[in-house]
Amino acid sequence: MNTRTVDARGLEPPEPFERAMEAIADLPPGGEFTLLLDRMPQPLLRMLDRDGYRHDARFREDGAVEILIGRP
């Protein structure tokens, strides 16, 4: 299965958060996507935890943050 990638690097707030929320809204049950950002989005991660979404965040070698987000 190919995972959609939402590249929100280089965007000014609140655009990265808005793009993430649009992608989350489009996820079917069990679906997932990868989000690329310039920094770790602590408010987004707290919201994902609160709402029961799966997420796995890591720093890439190029300094970007890559987050795999999955809908329950």
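Scanning all heavy atoms of the two residues, the minimum distance from Glu32 to Gly70 falls at CB-CA, 3.9 Å. Arg54 approaches Arg71 most closely through the heavy-atom pair NH1-O, 2.9 Å. Contact record, Ala57 with Met40: CB-SD, 3.8 Å, taken as the closest heavy-atom pair. Taking both residues in full, the closest heavy atoms of Asp7 and Arg19 are given as O-NH1, 3.9 Å, listed atom of the first, atom of the second, then distance. Of all heavy-atom pairs spanning Gly52 and Pro72, the tightest one is O-CG, 3.2 Å.
Using a 4.5 Å heavy-atom cutoff, the side chains of Thr34 and Glu66 are in contact. Inter-residue side-chain proximity for Glu22 and Val6 is flagged as unmet; no heavy-atom pair is nearer than 4.5 Å.
Between the Asp38 side chain and the Arg9 main chain, no donor and acceptor come within less than 3.5 Å of each other. Judged by distance alone, the side chain of Asp51 and the main-chain N or O of Tyr53 form no donor-acceptor pair under 3.5 Å.
No single ILVMFWY cluster, assembled from side-chain heavy atoms under 4.5 Å apart, contains both Leu45 and Leu36.
Considering CG of Leu44 and NE2 of His55, their distance stands at 8.0 Å, rounded to 0.5 Å. Between the CZ atom of Phe33 and the CG atom of Asp26 there is a distance of 9.5 Å, given to the nearest 0.5 Å. One finds the OG1 atom of Thr3 at 6.0 Å from the CG atom of Leu68 (value rounded to the nearest 0.5 Å). Between the CD1 atom in Ile24 and the CD1 atom in Ile69 there is a gap of 5.0 Å [rounded to 0.5 Å].
Open room surrounds CZ on Arg39; 12 or fewer heavy atoms of other groups in view lie less than 6.0 Å from it.
For Ala8, the side chain to side chain contact (heavy atoms under 4.5 Å, CB included) partners are Leu11, Pro16, Leu35, Leu37, not counting sequence neighbours.
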